[in-house]
**Q** 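Let me begin by handing over the structure; questions about it come next.
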Amino acid sequence: MSDPDIILEAIALERHFVTRKPMFGAPTVVRAVDGVDLRVRRGETFAIVGESGCGKSTLARLLLRLIDPSGGTIRYEGADLAALAPADLRAKRRDLQFIFQDPFSSLNPRMTVGALIEEPMRTHDIGTPADRPGRVAALLSRVGLMPDYANRYPHEFSGGQRQRIGIARALASGPKVLVGDEPVSALDVSIQAQVVNILEDLKAEFGLTLVIIAHDLAVIRHMADRVAVMYLGKIVEVATVDELFSTPRHPYTAALIAAIPVPQVGARSDARPVEGDPPNPINLPAGCRFQPRCAFAQDVCRAKEPSLQTLPGGRSVACHRAEVMSLTGIAETTDTRTKAAHRRFDLYRAARIAGASPQAAQGNPALPSQE
């Protein structure tokens with residue numbers, strides 16, 4: 001019997017890409033997502049983090065079946081998305097929407113903003129042709145844009161404005177789940193804070209469930225409830241955001257946190273950096289995939305791949321030494337660095353609460369308020 005608190009679930013989910021098919025011998029395969037298990041609770045903000053190339057964007061697309069899995073199961077409210085017929089999947093898409101990393105390439109340059117936002121309404125037969133322009137105007141206002149922008153084209157807007165348009169389009173069908181693939185990574189820091197605040201407000205207003213893909217851990221610290229850390233196609237740790245940043249139990253998690261820069265002149269980290277580059281995904285190492293770069297690796301790590309185990313307290317870790325690993329010293333250092341990096345969002349949150357614009361809070365009212 002399915003848990004009603006779980007809205008989106010992946011079970012042994014896989015996506016393998018064949019890069020070469022030789023005339024003789026086995027083809028070359030990249031295991032972009034390789035046996036991922038995760039459960040997203042209704043109404044939470046669930047983050048997936050990791051280095052570039054770890055498979056997190058592929059996983060995001062799999063969760064909404066924008067690409068088909070090589071194996072495993074994707075469940076939305078108990079229904080297996082991977083087994084749905086095209087017509088049934090199309091109906092589910094009303095509840096599951098995607099915010100793309102690049103707001104420009106995801107918007108059709110031949111369509112006006114109004115037509116782009118109205119398209120999901122036409123697809124899912126929402127409203128009537130007469131009331132849809134009013135719905136479009138309301139959505140534009142809700143994401144901080146002028147309603148008359150509906151008559152303009154995507155190239156007439158800045159990156160931050162285009163991302164707001166993308167969010168408005170994702171909201172047009174009245175979804176329950178929003179998946180954002182690096183939704184703020186292409187934006188300036190000040191604009192990042194505004195878009196993050198918009199997403200948080202929309203989540204509270206519409207009761208949304210958010211799945212956010214990111215590599216900026218300060219953003220994740222600010223908005224996530226739980227975090228999954230991904231490395232070379234595998235989930236290596238899942239924990240609440242407070243647990244993850246205060247006491248990381250996987251060496252890779254600790255290394256990611258230690259890599260967060262502190263916005264302070266002369267600041268230096270005494271945390272141990274990760275040595276080397278990620279292994280070739282075509283030729284993965286034996287045992288734990290992180291062991292060639294791990295300072296704590298032992299013989300068992302090189303011989304046997306660890307499974308994702310649930311520890312007392314509810315967090316999950318894929319590490320042979322998870323129960324005895326003492327990373328508290330690293331955690332204290334990295335937590336201090338994360339809090340310092342996190343301060344860049346505090347100004348914008350305080351400005352929003354006070355009812356002032358973020359630019360005015362910075363003492364720079366010359367910046368455009370619609371950016």
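Numbers here are sequence positions counted from 1. It should be emphasised that the depicted structure is a prediction, and the values quoted were computed from it without experimental measurement.
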**Q** Say whether Val196 and Leu178 are linked into one hydrophobic cluster, either directly or through other cluster members, by side-chain heavy-atom distances under 4.5 angstrom.
**A** yes
**Q** Decide yes or no on side chain to side chain contact (heavy atoms under 4.5 Å, CB included) for Gln192 and Val219, but give the supporting numbers first.
**A** CA-CA 9 Å; Gln192 285 182 12; Val219 173; 4.1 Å; yes
**Q** For the residue pair Thr253 and Glu237, confirm or rule out a side-chain donor-acceptor distance under 3.5 Å.
**A** yes
**Q** Please determine whether a side-chain nitrogen of the Lys or Arg among Arg226 and Glu44 lies less than 4.0 Å from a carboxylate oxygen of the Asp or Glu.
**A** yes
**Q** Are the charged groups of Arg15 and Asp34 less than 4.0 angstrom apart, N to O?
**A** no
**Q** Does the pair Arg135/Glu118 count as a salt bridge with the N-to-O cut at 4.0 Å?
**A** no
**Q** Return the set of residues passing side-chain contact (heavy atoms from CB on, under 4.5 Å) with Glu305 (not counting sequence neighbours), or none when no residue passes.
**A** Lys234, Arg289
**Q** Determine whether Phe157 and Phe104 satisfy the following criterion, ring-ring contact (aromatic ring centres under 6.0 Å, His included), listing intermediate values before the conclusion.
**A** CA-CA 9 Å; Phe157 297 94; Phe104 189 66; over 10 Å; no
**Q** Salt bridge check, Arg42 against Glu77: does any charged N sit closer than 4.0 Å to a carboxylate O?
**A** yes
**Q** Ion pair present between Lys203 and Asp225, side-chain N to carboxylate O less than 4.0 angstrom?
**A** yes
**Q** Are Tyr252 and Leu59 grouped together when hydrophobic residues (ILVMFWY) are joined by side-chain heavy atoms under 4.5 angstrom apart?
**A** no
**Q** Quick check: is Ile7 connected to Val227 through a chain of hydrophobic side chains (ILVMFWY, heavy atoms under 4.5 Å apart)?
**A** no
**Q** Cut-off 3.5 Å, side chains only: do Glu182 and His215 have a donor facing an acceptor?
**A** yes
